[in-house]
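Structure, as structure tokens:
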Protein chains: 2
Amino acid sequence: MISDPDQRRRLLESFAFLRAGSAEFQREFFEQVMRVRLPAGQAVCQAGAQCAHLPLVLDGTARVYQLGENGREVTLYRVHSGESCVLTASCLLSASPFPAFAVCESEVEAVVVQPASVRRWLGSCEPWREYLFGLIASRLVEVFGVLDAVLFQRLDQRLIEHLLRQAERTDSSEIQATHQILAAELGSSREVISRVLKGLEEQGLLRVRRGQVELLDQTALRRRARDD
Amino acid sequence: MISDPDQRRRLLESFAFLRAGSAEFQREFFEQVMRVRLPAGQAVCQAGAQCAHLPLVLDGTARVYQLGENGREVTLYRVHSGESCVLTASCLLSASPFPAFAVCESEVEAVVVQPASVRRWLGSCEPWREYLFGLIASRLVEVFGVLDAVLFQRLDQRLIEHLLRQAERTDSSEIQATHQILAAELGSSREVISRVLKGLEEQGLLRVRRGQVELLDQTALRRRARDD
DNA sequence: CGGCCAGCGTGACAAAGTCACCGACAGGGG
DNA sequence: CCCCTGTCGGTGACTTTGTCACGCTGGCCG
């Protein structure tokens, strides 16, 4: 139950489906939903677990990833503010076990919805339906993209692309990340990332320091990521 | 529009959501839906295309796969009788482009639903909602499984698993498939499949002939797939 | 100061993908 | 019958990627 008018305003701003919904839907939404705060590093879902709630993220990001038996990882996608985790949604609606892991990357502020409410609103609220299906579709596309990258693209290109994206996101040419973290991102292993980075450093495209990578020539890197 | 009583009976048998739906829903369904027959080998969807209809398969199977620029493929999942293609569904509901390819493996008999009907029934018919969400969830799980296999499992084990599944499906120890087809199934390349098969043949686990693989010692193969 | 440990480098090897090329086989037409 | 052609499979040489074992280093903390 959300009663604070400020919080209600915040939810309305963050979620278009809520603005688009009827007054009854909004009333019901505020009544049924619960606010939660999760610390950074908090595990949200374990593979094989049943999902008990659908979280809608207001602030912060969570990372959803696969884990191999040898300890290797791949990031599947991230849940940002205004979004929700489709995997959770579909597991919850079909009572299948969650086939991956999720963890909070930063402190996460969210509201959680009971499965029963998720179901009911699917029947009663068109914007809510659109919202969920939109999420599902975009996630599917993302996951397919990951699979495509893993199978059909060279690691150096993928690494460069990721570094460029990261630089753009933080608006800085210095990316704070250990080789281990980059490996987990791309589904590779630390040693390989080390080697590739070293190669790129020898070509003068970037500089490697403990815990960070500095991009030197972003245009050359972009070119390298495309054709090579 | 489906008017033939036999066909209607057949649809009712194939789709539980239809049996579970109200009389009005059934009437509307039979009225809105159209029967199609696609020959084996018919391409159903191209990457980047917009989906115009949601197909519900009555008979036959379709294969959904990713295609890399160098020509390599991976099978993502198959659509069997009684099922439908979630990718199509979600693309259609969210107007995103289809991120993969789909092709009929055998002759396929299906009914197609207009996007408008898909949407309307989501609002009006609970069993239809359950059906679609169930499909989405199971596909998601499958695709995640493929990604997991590609990243974290050895090719020989994956190949063996696939051959064993195939043998079980056709209830025969002889699998009809070229190395090329096996490679496309697993997201590998022909040469590698050839080499792996040769290795297994040298261990006396199977026999390779032109266009087919004969499994000799299924228990040993099963053991090999597990621990190795 | 010394120990500890996360982060990184490296060499040797194994697994997988790529490229080029060849031979073997099947089926059809002359 | 033979030859032609296209599909299928085998092979060697090489590259890329993953794995394993080990060792170095810089920073933190007792």
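For clarity, every value in this text was computed on a predicted model and none was experimentally measured. Letters go in sequence order (proteins before strands), and every chain restarts at 1.
- Comparing atom distances between the B:Arg154 side chain and each of C:dG9, C:dA15, C:dT18 picks out C:dA15 as nearest.
- Remark: P of C:dT10 and NE2 of A:His179 are 11 Å apart, rounded to the nearest angstrom.
- Residues in residues 184-200 of chain A take part in these side-chain hydrogen bond (donor to acceptor under 3.5 Å, both in side chains) pairs, two or more places apart or across chains: A:Thr75-A:Glu185, A:Arg78-A:Glu185, A:His179-A:Ser194.
- With hydrogens and angles ignored, no donor-acceptor pair under 3.5 angstrom links the side chain of A:Arg209 to the base of C:dG7.
- Side-chain contact between A:Cys45 and A:Cys51: present, with at least one pair of heavy atoms (C-beta onward) separated by less than 4.5 Å.
- Straight-line distance from the CG atom of B:Leu155 to the P atom of C:dT18: 12 Å, rounded to whole Å.
- Contact annotation: the side chain of B:Glu73 never approaches that of B:Phe101 to less than 4.5 Å [non-hydrogen atoms, C-beta and beyond].
- Distance B:Asp156 CG to C:dA16 C1': 11 Å, rounded to the nearest Å.
- The interatomic distance linking A:Glu202 (CD) with C:dG9 (C1') rounds to 12 Å, in whole Å.
- Under the ring pair (Phe, Tyr, Trp, His ring centres under 6.0 Å) rule, A:Trp128 has a single partner from A:Phe17, A:Phe15, A:Phe133, which is A:Phe17.
- The closest side-chain heavy-atom distance from B:Leu182 to B:Leu163 is below 4.5 Å.
- Using a 4.0 Å cut-off between a side-chain N of Lys or Arg and a carboxylate O of Asp or Glu, A:Arg139 and A:Glu142 qualify as a salt bridge.
- For the pair A:Leu182 CG and C:dG9 P, the computed distance is 12 Å after rounding to whole Å.
- At distances below 3.5 Å, at least one donor-acceptor pair connects side-chain atoms of A:Ser84 with backbone N or O atoms of A:Pro55.
- Among the nucleotides C:dT18, C:dC21, C:dC8, the one closest to the side chain of B:Arg190 is C:dC21.
- Among the heavy atoms of the strands lying under 4.0 Å from B:Ser189 is at least one base atom, whether or not backbone atoms are also near.
- Across C:dG7, C:dG17, C:dG11, the shortest atom-to-atom separation from the side chain of A:Arg195 is found for C:dG11.
- Residue whose closest nucleotide on DNA chain C sits further toward the 5' end, between A:Gly211 and B:Val196: A:Gly211.
- Comparing atom distances between the B:Glu191 side chain and each of C:dC19, C:dG17, C:dA12 picks out C:dC19 as nearest.
- Salt-bridge annotation for B:Glu201 and B:Arg209: absent, with no side-chain N of the basic residue lying under 4.0 Å from a carboxylate O of the acidic one.
- With DNA chain D read from its 5' end, the first of the two nearest nucleotides for B:Glu201 and A:Arg158 is the one closest to B:Glu201.
- Side-chain nitrogen and oxygen atoms of A:Ser194 include at least one within less than 4.0 Å of the OP1 or OP2 phosphate oxygen of C:dG9.
- Boundaries of the chain B contact region on DNA chain D are D:dT7 to D:dA13, first to last in 5' to 3' order (nucleotide atom under 4.0 Å from a heavy atom).
- Separating the CD1 atom of A:Ile193 from the P atom of C:dT10 is a distance of 16 Å, rounded to the nearest angstrom.
- Put simply, B:Asn70 has a side-chain N or O that comes within less than 4.0 Å of OP1 or OP2 on C:dT18.
- Per the geometry, CZ belonging to A:Arg210 stands 12 Å off C1' belonging to C:dG9, to the nearest Å.
- Whole-Å rounding puts the A:Lys198 NZ to C:dC8 C1' distance at 11 Å.
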